[in-house]
Amino acid sequence: MRYVARRLLLFVPTLLGASILIFVLLRLVPGDIAEILVYQTGSEASVIQQRQIGQIRAELGLDRPVAVQYVEWLGAAVRGDFGRSYMQQRPVADILRERVPRSLELALLTITLAFLWAVPLGVVSAVRQNTWADYLVRVLSISGLSLPIFFTGVLVLYLLVRLFGWLPPLEFVSFTVSPLENLKQLIWPALVQAYYISAPITRLTRSQLLEVVRQDYVRTARAKGLGERRVVYRHALANSLLPVVTFAGWWGGRLLGGIVIVEIIFSVPGMGSALAAAVAQRDYPTVQAMVFVMALVFLTLNLLVDLLYAWLDPRIKYT
Amino acid sequence: MRALPSVRSALALACVIVLEAAGAAAQEKPRYGGVLTWFDYGDPGRLDVHAESPLVVQQATAGVYSGLIQYDPDDPSKIVPDLAERWTVSPDGRTYTFHLRKGVKWHDGQPFSAADVKASFDRILNPDFKSPKCGAALKPMVASVEAIGPSTVQFRLKFAAAPFLGNVASSWCRVAAKHILEKYGDLNTPEAQIGTGPFRFKRYERGNLIEWEKNKDYFVRGLPYLDGVRQYILVGGPTQLAAAKAGRIMLWDAWPPMKRTQAEELQRARTDVDIYQASINTIFLLYMNAQKPPFGNPDLRRAVSLALDRQELVAKALEGAGVPCALLDPKLVGDFALPLEEVQKLPGCRQPKDADLAEAKKLVEKHHPSGLDIEVAVRTVGNYVDRAQLVLAQLRKVGIRASLKSYESAAGYAAFGKGDFTLIAAQDRSMDTPDPESLFSVIYSTNAGSNYGRWSDPKVDELAERALKEPSRDKRKQLYWELQRHIFAGAPAAVPVAWVEGWFFRDRKVMGYKPALTTYDNNTFMKVWLRE
């Protein structure tokens, strides 16, 4: 418990660091929302433009020193008030409530699908090392790693239309309203991402298993007369999965960052697509809040992985 | 209409079918019911049509509101009544009196009156209110708006402005309810979308969907035919095309247009659509900074203009879909544009390029005997970087060696707006109204909002001002011709490369739809209906 409490306490400086970093970086990028709104349109006379930029900055408080803006934002954020979106003219908290669950659902589905096929494929690849099955799995893994998500995503979209004249629903339906409709839309982006992240999981499972099957206790298990399936799945695989679990936790965090591409391709109104739009429009409050949530999810996942580690391997004790 | 070579016969056939269908449609009785589906290229976020400028905001709210007048849905080049059933103009052309329809109701059941019109235009014309489309067009010419009775509104102009009616008819100059403006303060939220238009704003699933439903109390009896309109928010190009190929959308007639290859792909996937090439009322420009070296020097601006091979740029960068060289596109503004035959013989546009290249080279050598090194800016949107590469290659032929500096879209606008660049290789600008005045007040006048190059030519200002105030159409035309010739003969900071065109489609079920001259107009779908 003390370990968990200490880890939770460490969240504070990490989140603070992340928030300062994003706050400063966002303001270092040229162009703020006032300039975008005025220059992008470019219809008003140039003298009016300058006045309008000043007005917008004053309205949004962007004319004050960055440090003042940050302290004010932080003060409100710890009370759960992430400010108001410039773009959507509504509280950022509402946007988070709407978008975060959708992206988390997509990430969860992705991780589940990736594990469902990556671990068995890794086992097949290890058990049948240097056979056609191993080569096939390795080709699949390498192609999964090599093909960028935007390419695989567009390819899947193209093939669905080309082969079946069908496209996933364009209207998002939440899981609570219709699980089937929800799955019809989310399964495709989840599959695309799962293909990408399953590659390292497959390869890691394979290499770990190959190492473990050479251990003495596996030889002993075989010598006891246990069947090969039992040796592999009960004794070898269980002990090979520890690094895989760590890896999956790390990937879970990364997924939230990478989800933007599949969300745009498959028209999923999640956090990724909202974040991309917010960055493009310099909607600082929305970007800050979303990055903050991502950092929090990442830290939580890492903590969970560490705890899972101890649970999976009783030899590991945290003090 | 120009056809794609590889599907030329298919498109020729499609054209015949379109014409036949148009004839048939004239005889066919419109059918009630059905939901039209199309798409927005982005999520509008804010919905205030008076205060915003992205097309997606206008698209999201188009059918909800009415204007005083509008571009005719049956013939988008004409202006016809909307909330105003008729209007009169004073002999000096400075007072317009609009007589409003009676018995019109807002979507929430409140009665519509002249007070709503006054509240809307007072808001738009307020000097402290940012209204980048309607306000920018009307503020320079309108002095005041008065309700002189419950059903009569009078606009007093600062001068007799020829484009006034065209500007009021713009889809950005919609009439909003006074009580809604008082209640919400703006029109940003879905709740504030209370109009008098053919459709009610039904729902807005942010980042996903915008839906309208039929306004059964619409003031034009018998309209609209559709039960509703559904706009999917599709941000990714491949997603937009996939939706079109899978039959999920019935219409593609807004920004971005399809590319030639996309049009060919769609043609192969669907036989129930008409694909057509059309203008998007957007000009492709190259800008130079007239306030900084080296392009503070008119000789070097002229050298760049001469070096540009507009025909090659249209052929390669726009896949042939564009009108090269023109300052005004005859397809959009009719005879206000200089005849293309004349434009195409002008230096910089004439083919072959040998004479222009020789002259450009001479001009560069005169000031920079060992050649000129510059940095070329470009925003990384659409195919701008590809266009920029072609421009760079063309400039190299006359001794201008350029390196490319790419900007993320918003950062680019910030830099350009502040004049922080030497040369912008590619920048498109769409026109807000189909009046020729739009181009000069937005790009070429000294105070124009998109005069990134900070170019100032008193004669351009004077001619643009005179054309703006000239009531006679013939004299206006002569003034615009003189203005175009003057700009072509000079060394402007904004060099016209081409008017951009693209490919669009319409499902053959969709009837009663006519594309407007700008991408902003005629998308209320009030007269659109769906065949069985």
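First the proteins, then the strands, lettered A, B, ... as listed; each starts at 1. Hydrogens, waters and symmetry mates play no part in the numbers below; they use all other heavy atoms, side chains included.
Ranked by heavy-atom pairs under 4.5 Å with chain A, the first of B:R206, B:E52, B:K245 is B:R206. With respect to chain A, the highest number of heavy-atom pairs below 4.5 Å among B:P54, B:G207, B:A448, B:A136 belongs to B:A136. Interface summary for chain B: among A:L37, A:I53, A:V29, the most heavy-atom pairs under 4.5 angstrom belong to A:L37. Between chain A and the residues B:G236, B:S409, B:A242, the most heavy-atom pairs under 4.5 angstrom are made by B:A242. By number of non-hydrogen pairs under 4.5 angstrom with chain B, the leading residue of A:E35, A:Q55, A:E98, A:E171 is A:E171.
Residues B:V229 and B:E211 form no side-chain contact, since every pair of their non-hydrogen atoms from C-beta on lies 4.5 Å or further apart.
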Item to complete: Determine, stepwise, if the pair B:R203 / B:E205 fulfils salt bridge (charged side-chain N to carboxylate O under 4.0 Å, His left out).
Response: CA-CA 6 Å; B:R203 66 179 173 136; B:E205 299 294 335; 3.6 Å; yes

Worksheet item: Could you walk me through whether A:Y196 and A:T110 pass the side-chain hydrogen bond (donor to acceptor under 3.5 Å, both in side chains) check?
Response: CA-CA 10 Å; A:Y196 182 67; A:T110 300; over 6 Å; no

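For A:Q88, the parts lying under 4.5 angstrom from a heavy atom of chain B are both the backbone and the side chain. In this structure, chain B has heavy atoms under 4.5 Å from both the backbone and the side chain of A:L170. Contact of A:R51 with chain B is made through the side chain alone, with heavy-atom distances under 4.5 Å. Interface remark: B:I233 contributes backbone atoms only to the contact with chain A (heavy atom separation under 4.5 Å). Residue contact with chain B, scored on non-hydrogen atoms closer than 4.5 Å, involves the side chain of A:Q49 exclusively. Neither the backbone nor the side chain of A:S273 comes within contact range of chain B; no heavy atoms are under 4.5 Å apart. Contact annotation for B:K418: both backbone and side-chain heavy atoms come within less than 4.5 Å of a heavy atom of chain A. The part of A:I56 that comes within reach of chain B is its side chain, from C-beta onward, which places non-hydrogen atoms under 4.5 angstrom from that chain. At a 4.5 Å heavy-atom cutoff, A:E263 makes no contact with chain B through either its backbone or its side chain. Contact of B:N451 with chain A is not made at all, since no heavy-atom distance falls under 4.5 Å.
Geometrically, A:R282 does not engage A:Y86 in a cation-pi contact defined by less than 6.0 Å to the ring centre and at most 45° from the axis. Because its NZ or CZ atom is both nearer than 6.0 Å to the ring centre of B:Y413 and within 45° of the ring axis, B:R379 counts as a cation-pi partner of that residue. Geometric assessment of A:R27 against the ring of A:F23 yields a positive cation-pi assignment under the 6.0 Å and 45° thresholds.
When only modelled atom types and interatomic distance are considered, B:Y520 and B:K133 share a side-chain donor-acceptor pair under 3.5 Å. Side-chain contact of B:Y452 with B:D420: a donor-acceptor pair under 3.5 Å is absent, judged by distance alone.
Using a cutoff of 4.0 Å between basic side-chain nitrogens and carboxylate oxygens, B:E265 and B:R268 are not scored as salt-bridged. Contact check on B:R46 versus B:D186 returns no salt bridge, with no Lys/Arg side-chain nitrogen under 4.0 Å from an Asp/Glu carboxylate oxygen.
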